[in-house]
Amino acid sequence: LGVFYGKLVVSLVSFIVLNFTIKNNIIISFNFPETKKMLLFGLPLIPQPLGKVIIHSSDRYFLNYFYGLEESGLYNLAYVFATVATILIGNPFGLVWRPISLSHKDSPDSKVFFARSMTYLCLLGSLLTLALSLLSREIIMIIAPEVFWSAHVIVPILVVAYFLYTLQSILLVPFDIKRNTKLWGFFSVIGASTNIILNLLLIPKYGIYGASLSTLFSFSTIIFLTFYFGQKRIKIDYEWRRILHMFTFSLLIFLAGFYIVFDSILISILIKSCLIFLFPFSLYLSNFFNKNEIKALGNFFKKNILRRASF
């Protein structure tokens with residue numbers, strides 16, 4: 001409850017401060033047609049955060065119910081890595097993507113832009129997912145007692161689950177352009193219902209493994225529904241060949257590195273870090289990047305890396 005009270009206080013203080021800041025730039029009035037439009041657009045969105053809360057918390061409730069706090073503690077520790085992925089990619093991307101995507105909706109190459117954005121988001125997400133998954137064992141060994149070390153096994157599943165959910169920001173573009181949010185709540189309700197059913201089926205038998213798989217399948221269900229109905233509104237030809245290309249390489253590197261175990265944590269970190277850096281290099285060698293992308297990356301490297309290194 002302390003966390004919720006804290007957020008409530010912060011929201012109230014922000015409201016009061018912003019109110020004083022913008023009070024001279026607003027006129028208080030009521031426009032029924034506009035209010036109706038906003039309600040039709042906004043009310044279907046209400047189940048979306050509620051569904052995410054259910055997916056985020058119900059697994060821990062069932063783990064605690066069937067196994068107790070020890071198993072729930074293992075799961076919570078692994079969940080931290082999924083939270084890190086959300087903080088580093090999901091939340092920032094979600095904040096900037098919507099205004100950017102709407103600003104491109106009328107451009108002639110908008111569909112190409114959306115498809116290419118999906119490719120780049122998958123590339124960034126694959127790199128982060130690979131890094132968190134490979135280094136999770138060593139990080140947990142450093143920060144937690146030995147009783148928690150087995151939590152690293154489910155980290156890849158949870159990180160992938162939350163990365164997939166990040167993709168929904170792009171997949172919702174057709175609904176944003178058409179100003180149609182009626183199905184958003186439906187997606188979340190289906191995802192949350194899937195999560196509860198799978199938790200009841202998998203957690204009693206498989207514990208934290210069942211809980212992590214339930215989260216993965218629930219988010220995958222939401223992503224599939226969003227993609228399927230979104231394509232019916234606006235068909236976007238995503239670069240599936242390139243996406244499959246990078247996912248294949250990231251999977252192979254993950255399988256090569258996840259089961260590497262050394263007595264020295266430092267050696268493990270060094271070797272796995274080399275494998276992580278091998279991922280973009282292997283994509284370059286396999287002609288994943290086109291000439292324009294290579295040129296842009298080169299310019300970025302010269303302007304931001306070499307210039308700073310010279311100072």
Side-chain angles (χ1 to χ4, degrees), residues 78 81-82 84-86 88-90 93 97 111-139 152-171 209 212-228 230-231 235-261 268-298 300-301:
F81 290 85
V84 169
T86 302
L88 293 179
I89 293 184
F93 184 83
W97 171 248
K111 293 183 179 181
V112 176
F113 173 77
F114 298 144
R116 191 62 54 83
S117 298
M118 172 67 84
T119 302
Y120 293 156
L121 179 60
C122 287
L123 176 61
L124 185 60
S126 296
L127 182 60
L128 180 62
T129 299
L130 182 63
L132 291 173
S133 299
L134 286 183
L135 296 175
S136 60
R137 176 180 174 274
E138 287 71 27
I139 294 173
H152 83 280
V153 179
I154 63 169
V155 168
I157 302 174
L158 292 173
V159 174
V160 168
Y162 272 82
F163 164 62
L164 287 177
Y165 189 68
T166 300
L167 300 181
Q168 191 186 36
S169 298
I170 294 180
L171 296 176
Y209 300 97
S212 57
L213 289 173
S214 174
T215 300
L216 176 61
F217 287 133
S218 300
F219 281 142
S220 298
T221 300
I222 293 175
I223 291 302
F224 173 77
L225 292 173
T226 306
F227 169 76
Y228 178 78
Q231 290 292 93
K235 182 173 176 56
I236 300 174
D237 295 321
Y238 295 107
E239 299 177 324
W240 294 120
R241 182 174 295 181
R242 298 184 74 194
I243 293 172
L244 180 61
H245 184 162
M246 74 176 80
F247 282 174
T248 301
F249 274 79
S250 63
L251 179 61
L252 292 174
I253 293 173
F254 166 75
L255 293 175
F258 188 71
Y259 297 101
I260 291 177
V261 178
S268 291
I269 292 176
L270 288 174
I271 292 178
K272 290 182 179 181
S273 296
C274 291
L275 288 174
I276 294 167
F277 285 110
L278 178 63
F279 173 60
F281 187 65
S282 63
L283 291 180
Y284 171 77
L285 292 178
S286 58
N287 298 318
F288 173 84
F289 301 103
N290 59 45
K291 293 181 179 180
N292 291 331
E293 291 168 341
I294 293 174
K295 184 178 179 180
L297 287 171
F300 175 82
F301 182 78

* Taking every non-hydrogen atom, the tightest pair across Met246 and Thr119 -> CE-O, 3.4 Å

* To do: Answer yes or no: is there a side-chain heavy-atom contact under 4.5 Å between Ser250 and Thr129?
  => no

* **Between OG on residue Ser220 and OH on residue Tyr165, distance to nearest 0.5 Å** => 12.5 Å

* Return the orientation label for the Phe227 and Trp240 ring planes: parallel under 30°, perpendicular over 60°, tilted otherwise. => perpendicular

* Structure fact -> Which of Leu132, Leu128, Leu134 passes side-chain contact (heavy atoms from CB on, under 4.5 Å) with Ile276? It is Leu134

* To do: Please tell me if the side chains of Leu130 and Leu275 come closer than 4.5 Å, counting only heavy atoms from C-beta onward.
  => no

* Asked: Is it true that atom CZ of Phe289 has more than 12 heavy atoms of other residues, nucleotides or ligands lying nearer than 6.0 Å?
  -> yes

* Asked: Side chains of Val84 and Val159: does their closest heavy-atom pair fall under 4.5 Å?
  -> no

* Spacing of SG belonging to Cys274 relative to CD1 belonging to Ile269, to within rounding of 0.5 Å -> 12.0 Å

* **OG1-CZ distance between Thr166 and Phe219, expressed to the nearest 0.5 angstrom** => 9.0 Å

* To do: Work out which heavy atom in Lys272 is nearest to a heavy atom in Gly257; give both atom names and the distance.
  => CE-O, 3.2 Å

* **Heavy-atom side-chain proximity of Arg242 to Arg116 below 4.5 angstrom** => yes

* Sequence neighbours left out, what passes side chain to side chain donor-acceptor pair (under 3.5 Å) with Ser136? Give chain and number order. => none

* To do: Can you measure from OG (Ser282) to CZ (Phe288) and round to the nearest 0.5 angstrom?
  => 10.0 Å

* Minimal non-hydrogen separation, Ile157 against Ser212, with atom names -> CG2-O, 3.4 Å

* **Between Phe279 and Phe249, ring centroids under 6.0 Å** => no

* To do: Quick one: pull up OH in Tyr228 and CZ in Phe224 and give me the separation to the nearest 0.5 Å.
  => 7.0 Å

* Asked: With side chains defined as the heavy atoms from C-beta onward, is the minimum distance between Thr215 and Tyr162 less than 4.5 Å?
  -> yes

* Asked: Within a radius of less than 6.0 Å around OH of Tyr284, do more than 12 heavy atoms belonging to other residues, nucleotides or ligands occur?
  -> no

* To do: Hey, can you tell me if Trp97 and Phe93 have their rings parallel, tilted or perpendicular (30° and 60° cut-offs)?
  => parallel

* Using only heavy-atom distances, determine whether the side chains of Glu293 and Tyr120 contain a donor-acceptor pair under 3.5 Å. => yes

* **Value rounded to 0.5 Å, distance of CG in Leu278 from CG in Leu252** => 10.5 Å

* Structure fact -> Heavy atoms of Leu167 and Ile223 approach each other most closely as C-CD1, 4.3 Å

* So, for Phe254 and Ser133, which heavy atoms are closest and what is the spacing to 0.1 Å? -> CE1-CB, 3.8 Å

* Residues His152, Ile139; criterion side-chain contact (heavy atoms from CB on, under 4.5 Å); working and verdict -> CA-CA 9 Å; His152 83 280; Ile139 294 173; over 6 Å; no

* **Side chains of Phe81 and Leu158 in contact at under 4.5 Å (non-hydrogen atoms)** => no

* Do you know the tightest heavy-atom contact between Asp237 and Ala115? -> O-CB, 3.4 Å

* Note, Arg137 side chain near Val155 side chain (heavy atom, < 4.5 Å) -> no

* Kindly indicate whether the side chain of Val153, heavy atoms from C-beta on, has any atom under 4.5 Å from the side chain of Tyr209. => yes

* Working for side-chain contact (heavy atoms from CB on, under 4.5 Å), residues Ile170 and Ile236 -> CA-CA 11 Å; Ile170 294 180; Ile236 300 174; over 6 Å; no

